[in-house]
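So that the names make sense, note that chain A is the first sequence line, chain B the second, and so on, each numbered from 1. Just so we're clear, the structure is a prediction, and the values are computed from it rather than from any experiment.
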Amino acid sequence: MTKTADFISICRLEQLERERGATALVAGHAVAIFRTYDDQVFALGNYDPFSKSSVIARGIVGTRGDIPFVASPVYKQAFDLRTGACLDDAGVSVPAYEVRVEDGLVLVGPRKR
Amino acid sequence: MSTRKTLVVAGHGMVGHRFVQAAIERGLTERYDVIVYGEEPREAYDRVALTSYYEVGADALSFLPGGKYEDPRAVVTLNTEVTAIDREAKTVALSDGTTQAYDVLVLATGAAPFVPPVPGKDLKNVFVYRTIEDLQAIEEAAKTAKAGVVIGGGLLGLEAANALHKLEVETHVVELAPRLMAVQVDDAGGATLKRHIEKLGLTVHTGVMTEFIDADKDGVEDGKVSGLKFKDVDEVLPADIVIFSAGIRPRDQLARDCGLEVAERGGILVSPNMQTSDESIYAIGECAAPGGRMYGLVAPGYTMAEVAVDALLEGPGEFLGADMSTKLKLMGVDVASFGDAFATTEGALELVYSDAVAGVYKKLVISEDCTKLLGGILVGDASSYGILRPMVSSGIALPENPEDLILPASRGTAQIGMPDEAQVCSCMNVTKGEICKAIHDEELTDVPAIKQCTKAGTVCGSCTNILKNLLTEEMEKSGKAVDKSICEHFAYSRQELFDLIKIGQLKSFDAVVEAHGTGRGCDICKPAIASILASQFNGHVLDNKTTGALQDTNDAYLANLQINGTYSVVPRIPGGEITPEKLIVIGEVARDFNLYTKITGGQRIDMFGARMEQLPEIWKRLVDAGFESGHAYGKSLRTVKSCVGSEWCRYGVQESVAMAIELELRYRGLRSPHKLKGGVSGCARECAEARGKDFGVIATEKGWNLYVGGNGGAVPAHAQLLAGDLSKEDLLKYLDRFLMYYVRTADRLQRTSTWIDQLDGGLDRVKEIVLHDSLGLGEELENEMARHVDTYFDEWKATIEDPEKVARFVSFINAPGTPDPNISFTEDRGQIRPVTFDEPVSLGSSIPVGAPQ
Ligand code: SRM
Ligand SMILES: Cc1cc2nc3c(=O)[nH]c(=O)nc-3n(C[C@H](O)[C@H](O)[C@H](O)COP(=O)(O)OP(=O)(O)OC[C@H]3O[C@@H](n4cnc5c(N)ncnc54)[C@H](O)[C@@H]3O)c2cc1C
Ligand code: SF4
Ligand code: FES
């Protein structure tokens with residue numbers, strides 16, 4: 001695969017700690033990037049609609065059943081890393097973004113549909 | 001013309017107080033002015049817990065500290081005896097020489113210890129065991145006494161013997177009957193009890209009659225006790241103290257003198273609604289004899305108080321006898337007796353289990369057709385009392401093999417369906433149905449909540465186990481199994497995980513989840529495991545290989561997350577003592593980084609509004625000036641609050657500031673199930689509010705009193721005395737053990753107060769483990785604390801010195817220098833204040849983003 005204009009390179013994979021988030025600036029927006037235990041990478045909007053603050057990347061990463069999730073560090077609501085859906089409050093979600101890892105580089109793309 | 005009437009109560013004891021409380025609660029004071037006279041110099045107190053006076057003091061026992069009811073229409077006058085009743089004039093005469101008129105009179109004069117007419121009973125150092133003043137006098141005499149004798153081996157006698165033993169007097173118990181506790185247990189049970197008590201070093205003499213008490217000076221009237229002479233025994237048993245505890249007699253003299261009817265065996269005769277033979281006079285508590293029988297327990301007295309209030313409100317309440325079952329722990333020995341313990345029912349059968357080696361004796365009395373439990377006796381192990389007693393009162397059918405109920409394999413907590421009417425708490429008369437309803441309707445999830453809501457379990461505590469079982473049962477029924485698993489990833493409680501990690505020497509989350517869990521953890525198990533790993537190995541909490549990714553919100557950045565995504569900074573200020581230079585540093589740092597500054601409730605200074613990426617710089621300034629982390633973010637020691645103490649304060653008796661600093665430095669950084677707070681006051685005025693803390697130390701003339709289990713917060717609790725007048729060495733030793741045992745065994749996010757509450761045996765259990773080392777863990781716990789103290793380091797200093805850790809503190813991984821636009825401030829009262837946004841804020845695409853190499 002080649003880089004396309006829609007995908008922006010963020011950092012090298014090894015800059016990300018496993019099961020922790022980092023915040024990236026993507027097209028002017030704060031995006032939370034997560035690397036899970038099995039080296040998959042996910043990206044969600046960093047803005048937590050419950051606490052109205054930009055903190056999602058600082059939550060604890062884990063699993064609920066088979067779902068990889070991050071818990072907001074403020075009031076602990078869980079968000080599905082794949083879709084951004086809130087697992088505790090149906091109807092609430094944060095944006096989820098496409099992610100690719102190429103040549104050891106992490107690239108964030110457009111919002112998932 | 002006033003329509004208000006006057007209600008006089010004679011006696012402010014346990015039952016008199018309960019009467020007044022009920023009168024206020026149920027609105028009787030709308031019609032009556034209530035005037036209470038108490039002969040004792042203090043307001044009503046918990047006589048059932050009298051013996052604990054030696055440990056907790058009089059204030060802790062008081063039911064009405066300050067002596068005033070909330071309702072001003074109920075007034076107590078102490079130090080005043082009612083000396084006579086004039087039924088015709090409807091007045092009472094008082095010991096101060098005045099009289100008081102009444103419309104209604106309630107007699108709640110209690111009972112007095114019975115002192116048999118033994119020669120020598122008026123000698124000095126002969127006591128009874130009924131009031132706080134009695135106990136004070138015994139304590140004083142014990143200071144110089146070598147040996148003491150308690151006459152009477154019943155329930156109260158053994159209680160008195162226990163006290164004497166604890167006062168370090170060589171103690172003898174003398175009982176006329178052939179066994180101890182003759183009213184409650186049979187010969188075999190009495191023998192088992194005797195063996196237990198003798199093992200503790202007391203001497204028991206049963207089946208002996210006291211002939212006279214010997215005096216040190218022959219023939220002199222006011223001589224002092226020197227010994228006890230038994231009938232048919234030549235030698236005199238040397239003794240410096242004698243306590244009579246040979247039964248009680250209702251205090252019915254007032255009633256006799258004014259011609260009220262009394263029962264044959266004493267006690268004021270009352271009808272089922274507590275009225276005496278004069279309809280304006282009621283009698284309740286131990287002085288009363290409903291149906292001709294007096295009751296020497298507090299629970300029937302409480303019921304009488306409620307019934308009398310009900311009667312005065314023209315209610316239908318009646319007193320229909322009471323359950324005289326007893327369960328108690330005497331000198332560490334369980335004793336219980338309930339129902340028809342002596343198999344007096346016709347055709348009754350007995351089922352006995354006895355293990356002389358283990359010191360356990362259990363007997364069940366069952367009906368002739370083997371279908372019903374009638375009563376029983378348990379000595380040495382009364383764990384099944386909670387299930388057995390309700391079986392008697394509700395008359396439910398026995399299981400097929402009734403012996404299972406007392407065989408050791410049975411945990412006595414077997415789930416036997418009890419009917420809803422079964423009385424679970426006899427002290428407060430609460431049924432199973434009422435408890436289950438409360439659990440269900442109020443969505444209660446723990447025993448303390450049940451206690452608070454239903455009052456069950458709040459008097460003698462013997463029904464606590466059954467409350468626990470009902471809770472489990474109810475929650476399981478509604479699908480809310482009281483699962484001990486901390487989360488879906490680990491089927492273990494925190495305590496079990498603590499042990500598994502310790503035994504397996506597991507040092508990372510990966511190792512723990514591989515050995516004992518599933519999945520990749522969550523926001524519940526990860527911080528809990530991080531805390532356990534930190535308690536055991538004391539590594540750096542941000543260490544990437546072990547705990548770095550496990551930390552909760554605040555630990556993750558060694559600072560407290562605020563509402564707008566910024567952090568607060570709290571340097572440690574041990575004991576609240578700080579030099580002017582250091583104060584200036586804090587001021588300068590706050591000014592240079594434009595932080596909001598506030599004095600906390602914990603005697604230190606909090607600086608708010610730091611961006612994550614500023615934290616290392618701020619801390620570098622603080623560390624360079626000699627500050628260290630205050631752990632405001634950790635489940636760990638916060639502060640040890642101090643008062644100024646004897647160095648400055650004119651009342652102080654010890655140097656409380658120095659002690660607070662020493663304790664704060666000793667326990668700083670100790671990761672624990674929940675946060676820990678301490679306090680040290682320099683004298684009993686308690687300016688440091690030490691008793692509101694997890695551990696509180698209060699200076700005495702002789703050393704330090706150590707209190708544990710205090711809590712502010714949502715459910716405040718006063719700390720309770722663990723040990724008094726300690727030397728500094730002992731204080732540290734006990735505190736080390738207490739804290740480490742808490743760290744090991746408490747649930748996640750369980751403060752010390754709730755932890756002690758849910759321990760089987762509560763504070764007594766803590767005392768056994770910490771003071772008497774009953775688990776043999778003392779040294780191990782001390783060593784663990786010593787290791788913690790030795791390996792402590794300042795985690796903020798270690799963080800700023802390690803580039804890998806500092807790398808964590810960036811706003812944007814691809815634009816490290818750019819501040820997060822979602823954070824902005826306005827100003828209030830001259831300082832910054834967060835502004836929140838309803839939408840994510842965009843920086844605009846013009847901001848250059850650093851591309852990775
Ligand atoms: C800053 C401070 C208030 C202040 O401005 O004075 C404060 C602030 C917070 N307290 Fe507190 N508490 C502060 C003193 C207290 C006190 C008073 C004391 O310590 O003497 C209490 C009652 C005493 C006690 O704990 O028993 C107190 C009882 C609580 C509780 C209730 C705990 C409980 O057992 O019910 C919580 C909630 C919790 O921990 O779960 C809490 C939680 C919090 C948190 C951590 C809430 C949160 O998660 O954001 C606040 C974070 C502050 C921060 O960002 O720094 N805070 N908090 C005080 C810091 C003291 C310090 O120097 O460390
Ligand atoms: C050491 C000990 C341990 C006990 N353990 C237990 C137990 O485990 N379980 C249990 O159920 N019960 C226990 N009891 C019994 C329990 O304390 C009593 O049942 C209870 O106190 C009875 O309450 P009361 O109000 O009737 O009497 P009291 O509490 O004795 O109150 C009567 C009050 O009236 C005052 N008074 C008397 N005459 C006058 C007067 N003329 N004018 C003014 N005031 C007067 C007295 O001074 C006293 O203060 C124990 C008792 C003792 C001493
Ligand atoms: S609720 Fe209490 S702890 Fe929380 S910020 Fe307010 S005062 Fe502080
Ligand atoms: S039985 Fe005594 S408190 Fe419940």
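Proximity of B:H489 to A:T63: side-chain heavy atoms (C-beta onward) are separated by under 4.5 Å at one or more points. Using a 4.5 Å heavy-atom threshold, the side chains of A:N46 and B:F812 count as separate. The closest side-chain heavy-atom distance from B:I813 to A:Q15 is below 4.5 Å. Side-chain contact between B:F837 and A:S54 is absent, with no heavy-atom pair separated by less than 4.5 Å.
Between chain B and the residues A:Y75, A:Y47, A:F69, the largest count of heavy-atom pairs under 4.5 Å involves A:Y47. Comparing A:P68, A:S53, A:A57 by heavy-atom pairs within less than 4.5 Å of chain B, the highest count is held by A:S53. Interface check for chain A: of the options B:T566, B:D838, B:I563, B:N564, the most heavy-atom pairs under 4.5 Å are formed by B:D838. When each of A:A78, A:S72, A:G62 is checked for heavy-atom pairs under 4.5 Å with chain B, A:G62 comes out on top. Contact tally against chain A (heavy-atom pairs below 4.5 Å) for B:T836, B:D523, B:T518: the top residue is B:D523. Note on A:V31, A:T23, A:L16, A:I33: by heavy-atom pairs under 4.5 Å with chain B, the leading option is A:T23.
Neither the backbone nor the side chain of B:Q562 comes within contact range of chain A, judged by heavy atoms closer than 4.5 Å. Interface residue A:A22: only side-chain heavy atoms are found under 4.5 Å from chain B. Looking at B:V810, there are no atoms closer than 4.5 Å to chain A (heavy atoms on both sides), in backbone or side chain.
The main-chain N or O of A:V61 is found under 3.5 Å from a side-chain atom of B:K526 such that the two form a donor-acceptor pair. B:N814 places a side-chain N or O within 3.5 Å of a backbone atom of A:L25 that can act as its donor or acceptor partner. Side-chain atoms of A:R64 never come within 3.5 Å of backbone atoms of B:C522 as a donor-acceptor pair (strictly under, hydrogens ignored).
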Item to check | Trace of the side chain to side chain contact (heavy atoms under 4.5 Å, CB included) decision for A:T36 with B:R520 | outcome: CA-CA 9 Å; A:T36 55; B:R520 287 305 305 167; over 6 Å; no
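Within a 6.0 Å radius of CG in A:D103, other residues, nucleotides and ligands contribute 12 heavy atoms or fewer. Counting heavy atoms of neighbouring residues, nucleotides and ligands inside a 6.0 Å radius, atom NZ of B:K797 does not exceed 12 of them. The 12-atom threshold is not exceeded at CD of B:E514, counting heavy atoms of other residues, nucleotides or ligands nearer than 6.0 Å. Other residues, nucleotides and ligands contribute more than 12 heavy atoms inside 6.0 Å of the CD atom of A:E14.
Note that the CG atom of B:N822 and the CG atom of A:D48 stand 11.0 Å from one another [nearest 0.5 Å]. Atom-to-atom distance recorded for A:E17:CD and B:E804:CD is 7.5 Å, nearest 0.5 angstrom.
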